[in-house]
Number of protein chains: 2
Amino acid sequence: MRDVAAAAGVSLKTVSRVVNGESFVRPDTAERVRDAIARLGFQRNDLARTLRGGGRTRSIGLIIEDVANPFYSQIARGVEDVARAGGRLVISGSSDEDPARELLLIRSLCERRVDGLLIVPSQTGDPRRRAELIAGTPAVFLDRPADDPAADTVLIDNLGGARTAVDHLLAHGHRRIACLVDLPEIFTARQRHQGYLEALAAHGVQADPALVRTGRHDVRGAGHAMTELLALPDPPTAVFAGNNLLTVGALRAIGAAGTRTALVGFDDVELADLLATPVTVIAHEPADMGRQAAELLEGRIRGDTGPPARILLPTRLVARGSGEIPPG
Amino acid sequence: MRDVAAAAGVSLKTVSRVVNGESFVRPDTAERVRDAIARLGFQRNDLARTLRGGGRTRSIGLIIEDVANPFYSQIARGVEDVARAGGRLVISGSSDEDPARELLLIRSLCERRVDGLLIVPSQTGDPRRRAELIAGTPAVFLDRPADDPAADTVLIDNLGGARTAVDHLLAHGHRRIACLVDLPEIFTARQRHQGYLEALAAHGVQADPALVRTGRHDVRGAGHAMTELLALPDPPTAVFAGNNLLTVGALRAIGAAGTRTALVGFDDVELADLLATPVTVIAHEPADMGRQAAELLEGRIRGDTGPPARILLPTRLVARGSGEIPPG
């Protein structure tokens, strides 16, 4: 606010009048103030919030990776239900895991003075730049932490869920268990990979790096990786698929190869129960993650100044058949 | 605008100054004008648009039935891609097929002065009330028409797709073909039911009302209906399922009953190709519907005053197995 006043060459009181839409400011002066605010960009939101008391636009911003992915559209639905109860609309955007796109979305949302932000943070950008843009806007992170110990965060128990998945395959006699996970930059992918390794270690099974394929970000990539794995001289008898898209890709590859490869997938997938071999999954409730994050945000918007919350949502194994196939 | 001036007891020029955030208005006068605008509710948007020249908020509103339904989340993704290219954010809301909820969303979006609206209109409300609220905001309707000949509309070829589905089952020898469709108020449900009847008539097959179940709006309702149909003394040998949720419900019921009932579903469903009997569907591109509607809206926001567009998107039959099962 001082920066704006200095840049526009006016008093703090004048800036306050312009931002609050009060009268008794000459049009050319008001124009200078607005120019200064626009030049200073992201500070505008902070300024407006401070001066207006916040909570005025009755809207929240939601940044996810891709609304077309059922995992994220279920999150969006949970968020919307809570926002609706609080009388707020949801302005949403897909970052496509692109940090520049994420920063642009945060900036656009803050410029629109949303009452708060819900963010699935992209994982390759600079957390400080994100934090600078968010500035004074209440924000809650979900699905992945934001490298900010002061931030509210809602996560799934990725490590525990992955361990449960691989424990289950080990209990059914598998020792050559493949692992498909997403980009190593992504927190959830690292956690699930770690859970896979911990489960093997806990059972005294030596991990074989040839069976681990990281950096698979879509159905097609997972399919290629699984096809390669099944073509190994000593192929895996089971696979842990690290998310819903990777599960679909692995299932397609296993179907095409015609093998009886066991599979446990992280995330439930629609129609999993109706497949030729119904799919065993590590299930959780994405809509519930959205709801809990939105409720935390609602509290912050209303002035809750308690210590940062870190909610860890449970997962559960749903055994349907594919995870109970014995080693061939 | 005249109404606001009259209600506030001020001149048109004064209203203009307040709405434009210009100076030289006494605070108490400005307050009176803002009160009048708030009291007059939905006209505020129209007023602000007229005075400001529109297009200022760089946002569009999207009203769908339920973002958690993959059909709608794919539409949302297509909309977002076009909005992004135009530098606009998407403010979205789920109407849940509730006309009061829809009106509230339209009102909220117009109060936020979105540059335009994309609406999947609910089908049980009063189209005139919707039209009144939308007033001067550019709007494009998608998936269903809005009873407004002046409105741009993007639809799927529901009638043709349904005819193709039932033609396909008839060509495989079926004569007792069941039909599951959504609430009869919903345009797409009526069109698909009509397509079913037309296909039967074109083949000289007498329609049996006992085989038609309308008003099925979710997976569970479709499952119950299908279970009842399979328990008839003379059960159907095939079923046409009128949307993605009804397809899932019918598949569950057929699986539970253990019958070899043929099925063609409207809308593609994820993993349809991996089911025990892969599912034959009438496929189309929801993301493309979202893109085309958003492009029409972008044109209107930029001042396109051409005649109303009515785009009909094609469907295609994807034969995967379930639609090619012969009569038992």
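All chains are named by letter (A, B, ...) in the order of the sequence lines, taking the proteins before the strands, and each is independently numbered beginning at 1.
- Between chain A and the options B/V269, B/T277, B/D273, the largest number of non-hydrogen pairs under 4.5 Å is found for B/D273.
- With a 4.5 Å cut-off on non-hydrogen atoms, A/N69 does not touch chain B at all.
- Of all heavy-atom pairs between A/V67 and B/S73, the closest is O-CB, 3.4 Å.
- Counting heavy-atom pairs closer than 4.5 Å to chain B, the top residue among A/E80, A/R84, A/R252, A/Q74 is A/R84.
- Here A/S94 is the residue among A/S92, A/S94, A/A83 with the most heavy-atom pairs under 4.5 Å with chain B.
- Atom-to-atom distance recorded for B/L109:CG and A/I91:CD1 is 9.0 Å, nearest 0.5 angstrom.
- Contact tally against chain A (heavy-atom pairs below 4.5 Å) for B/D81, B/D66, B/L251: the top residue is B/D66.
- Contact between B/S108 and A/L89 at its shortest, heavy atoms only, is CB-CD1, 3.6 Å.
- Taking each heavy atom of B/V248 and A/L274 in turn, the nearest pair found is O-CD1, 4.3 Å.
- Looking at heavy atoms from C-beta onward, B/T57 lies out of side-chain contact with A/R112 at the 4.5 angstrom threshold.
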